[in-house]
Structure formats: C-alpha cells, structure tokens
Amino acid sequence: MPKQKSHSSTKKRFWLTASGRVKRAHGGKNHKAETKNRKRKRNLRTNTFVSKTQESTVKSMIPYKD
C-alpha cells in the first residue's frame, strides 16, 4: 500500500496539539491593515482552534504530522 500524500499548504498552516486538537492562525492581518482598528489587529495575532466540523478534514490532509 503506498503512502498517502500530505497537502503541502496544510502542513504549513496547521499544527496539532498534544491532545489532538488542530490549531491555526487568524487570517486578515496584513492586507488593508490601516482600516482595521488596533484591538482587531491585536486579536488577530492570537492562535485559535479549528472548528470541530473541520477537524477531521484537516487531519486527513496531514496524516503524518505529529
């Protein structure tokens, strides 16, 4: 049985926690940043978790990432 290919962009954008959750960064920090207020840009800096409905999809794209 051949190995499954990993999705290259998914490898760069998501990472797994020790408990198995999938973390991601917020988007929208750079483009047109001057129109966004300071609080909004500060909150976009923090990481968050992928929603439960999308978790299995992301995990299937990165099968060998530990």
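If you read the sequence from its start, that first residue is 1, and numbering goes on from there. Just so you know, these numbers come straight off a predicted model, no measurement behind them. Both backbone and side-chain heavy atoms feed into the values below; hydrogens, waters and symmetry mates do not.
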Undergrad: Ignoring hydrogens, what is the shortest heavy-atom contact between Ser6 and Lys11? Give both atom names and the distance.
TA: CB-CD, 3.9 Å

Undergrad: Below 4.5 Å, heavy atoms only, C-beta onward: do Ile62 and His7 meet side chain to side chain?
TA: no

Undergrad: Please name all residues satisfying side chain to side chain donor-acceptor pair (under 3.5 Å) with Glu55, sequence neighbours left out, ordered by chain then number.
TA: Arg21

Undergrad: Determine, step by step, whether Lys65 and Phe14 satisfy the side chain to side chain contact (heavy atoms under 4.5 Å, CB included) criterion, reporting the C-alpha distance in whole Å, the side-chain angles of both residues, the deciding distance to 0.1 Å, and the verdict.
TA: CA-CA 10 Å; Lys65 193 164 187 171; Phe14 300 95; 5.7 Å; no

Undergrad: Between atom CZ of Arg24 and atom CZ of Arg13, what is the distance when rounded to the nearest 0.5 Å?
TA: 12.5 Å

Undergrad: Could you walk me through whether Thr17 and Lys23 satisfy the side chain to side chain contact (heavy atoms under 4.5 Å, CB included) test, starting with their C-alpha distance in whole Å, then the side-chain angles of each, then the deciding distance to 0.1 Å, before giving a yes or no?
TA: CA-CA 7 Å; Thr17 63; Lys23 285 184 87 173; 3.6 Å; yes

Undergrad: Membership question, hydrophobic clusters at under 4.5 Å side-chain separation (ILVMFWY): are Leu16 and Val58 in the same one?
TA: yes

Undergrad: In terms of hydrophobic clusters joined by side-chain contacts under 4.5 Å, are Val50 and Trp15 together?
TA: no

Undergrad: Does Gln54 form a side chain to side chain contact (heavy atoms under 4.5 Å, CB included) with Val22? I'd like the steps, not just the answer.
TA: CA-CA 9 Å; Gln54 295 294 314; Val22 182; over 6 Å; no

Undergrad: For His26 and Thr46, indicate whether the former's side chain and the latter's backbone hold a donor-acceptor pair under 3.5 Å.
TA: yes

Undergrad: Donor-acceptor pair, Lys3 side chain versus Tyr64 backbone, under 3.5 Å?
TA: no

Undergrad: To check you understand the geometry: which heavy-atom pair defines the closest contact between Lys36 and Gly28, and what is its length?
TA: NZ-O, 3.0 Å

Undergrad: As an exercise, state the distance from CZ of Arg42 to CG of Asn37, rounded to the nearest 0.5 Å.
TA: 8.5 Å

Undergrad: Is a donor on one side and an acceptor on the other found under 3.5 Å between the side chain of Gln4 and the backbone of Ser60?
TA: yes

